[in-house]
Amino acid sequence: MPRQREIQHGCARSAFTLVELLVVIAIIGILVALLLPAVQAAREAARRTQCTNQLKQIGLALQNYHDTRKAFPTGRTSPTQLGVAWSYLILPQMELGNIYDAYDKTQRVDAPANATAMRTPIDVYVCPSRRSAAADRDFDNNDQVPVVRAASTAGDYAANAGLEEDIGMEDNDFRDGSVDKTLAGPMFSGSKIASRHVIDGLSNTIAVGEKHIPEPSDGWDPDMIHYRQGDTCFLAADHVETILRGSEDGLAEGPLDRSNQKFGSAHPSVTLFVYLDGHTEGHTNDPGFSAIGVNPNGVDDIAMDEEWFWLGALSTIAGGEIVSE
């Protein structure tokens, strides 16, 4: 009996009470709550670094394209379903010549013959903070309900067209028969810009940046969601809001911003860009002050808030504005 009591007594010393167990669980919960934001921040930092590296690859491809063709790629070759975007034109410089070579220019981009060229997921064109590479975007169909749904290449970047995403498409974009370079970026519809045209300097001019993709609204036609978002086939030319961006309206103000014409990011508070000289920069989405709308270039339909003048300066190739540190 004494030995049995000793064993029982020893078992009693090794047991936890309910209160002690609850305290341990509470401590573990507090530690997890403290560590989770740090883990999430570390993961986002890694994703941002990856996104920056992808933009560097795009910038290098643009430079190599320029070295070969003596001009940067046009923003798009046509506004129809038979045209391709700048993002397709640089595929050989991205070591994706197999996709480039698969394109049949006699067929619409959404035709089965162009499945390899237009429906292959491309990792380098997708921001890891937003999504994984996929071929799940609708094709545009001349601004109508798409013929082919959820089958085309996705992309999260846009070329800098200048103050507006549709530079080169309106009469007041032109001066003396040519596109006004004080309004234009390096890649707009039908562009053929060489480095010598970039009077503001390659290191002072944005080439490509992250594009804002607005969240769908309840009032949108379900068949036209990707079109309204500016998120159709990333290699095709027909939908300008998918492949080109302008600076007139500044950077997107967050996920609830409804514009499909702004640069913007899935990274917290910053949008990443690559410049024509190949260096990358992140710019804050909040310039920190407000101002009245003004028209720095004297063009009828362009009116920028003064707070975004710096972005307008960085988006034009010959505006005469140099943004200092």
Side-chain angles (χ1 to χ4, degrees), residues 46-77 82-107 109-137 139 151-160 185-187 191-195 202-203 205-211 231-237 242-245 265-267 272-282:
R47 290 191 291 262
R48 177 173 166 177
T49 298
Q50 182 180 341
C51 186
T52 299
N53 288 336
Q54 290 173 184
L55 281 167
K56 287 181 178 178
Q57 291 180 56
I58 292 171
L60 180 60
L62 292 172
Q63 291 179 323
N64 289 337
Y65 184 98
H66 184 283
D67 290 345
T68 302
R69 307 293 181 89
K70 308 308 178 186
F72 295 108
T74 183
R76 55 179 183 162
T77 59
L82 292 172
V84 292
W86 64 271
S87 46
Y88 165 82
L89 294 173
I90 64 170
L91 288 176
Q93 288 74 34
M94 304 280 285
E95 298 185 355
L96 294 170
N98 59 318
I99 299 176
Y100 180 90
D101 293 337
Y103 178 62
D104 181 353
K105 64 182 179 180
T106 68
Q107 301 287 318
V109 291
D110 56 3
N114 282 320
T116 298
M118 294 289 150
R119 308 185 194 187
T120 301
I122 299 177
D123 290 332
V124 74
Y125 282 155
V126 176
C127 171
S129 289
R130 177 175 285 150
R131 55 190 171 184
S132 300
D136 59 0
R137 302 293 91 190
F139 282 93
S152 72
T153 304
D156 290 327
Y157 305 108
N160 168 31
M187 288 174 280
S191 64
K192 191 175 181 180
I193 299 298
S195 59
L202 302 183
S203 63
T205 306
I206 290 169
V208 172
E210 296 182 277
K211 70 178 184 183
D231 196 22
T232 54
C233 181
F234 186 60
L235 302 177
T242 292
I243 54 176
L244 301 174
R245 285 291 185 273
S265 173
H267 307 295
L272 304 179
F273 296 89
V274 64
Y275 284 67
L276 290 176
D277 70 340
H279 86 275
T280 57
E281 288 188 30

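Along the sequence shown, residues are numbered consecutively beginning with 1. No experiment lies behind these values; they were computed from the predicted model shown.
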Answer yes or no: is there a donor N or O on one side and an acceptor on the other, between the side chain of [X] and the main chain of [Y], under 3.5 Å?
X	Y	answer
S191	I193	no
R131	G155	yes
Q63	D277	yes
Y88	Y100	yes
E281	F273	no

I want to check something: taking the side chain as every heavy atom from C-beta on, are [X] and [Y] in contact at a cut-off of under 4.5 Å?
X	Y	value
H66	L276	no
E210	R130	no
D231	K211	yes
C51	Y157	yes
V126	F234	no
T52	K56	yes

Could you give the distance from CG (L235) to CD1 (I122), rounded to the nearest 0.5 Å?
4.5 Å
Going by side-chain contact (heavy atoms from CB on, under 4.5 Å), I58 matches just one of I90, N53, T280. Which one?
I90
Do F72 and Y65 make the cut of ring centroids closer than 6.0 angstrom?
no
CZ/R48: more than 12 non-hydrogen atoms of other groups inside 6.0 Å
no
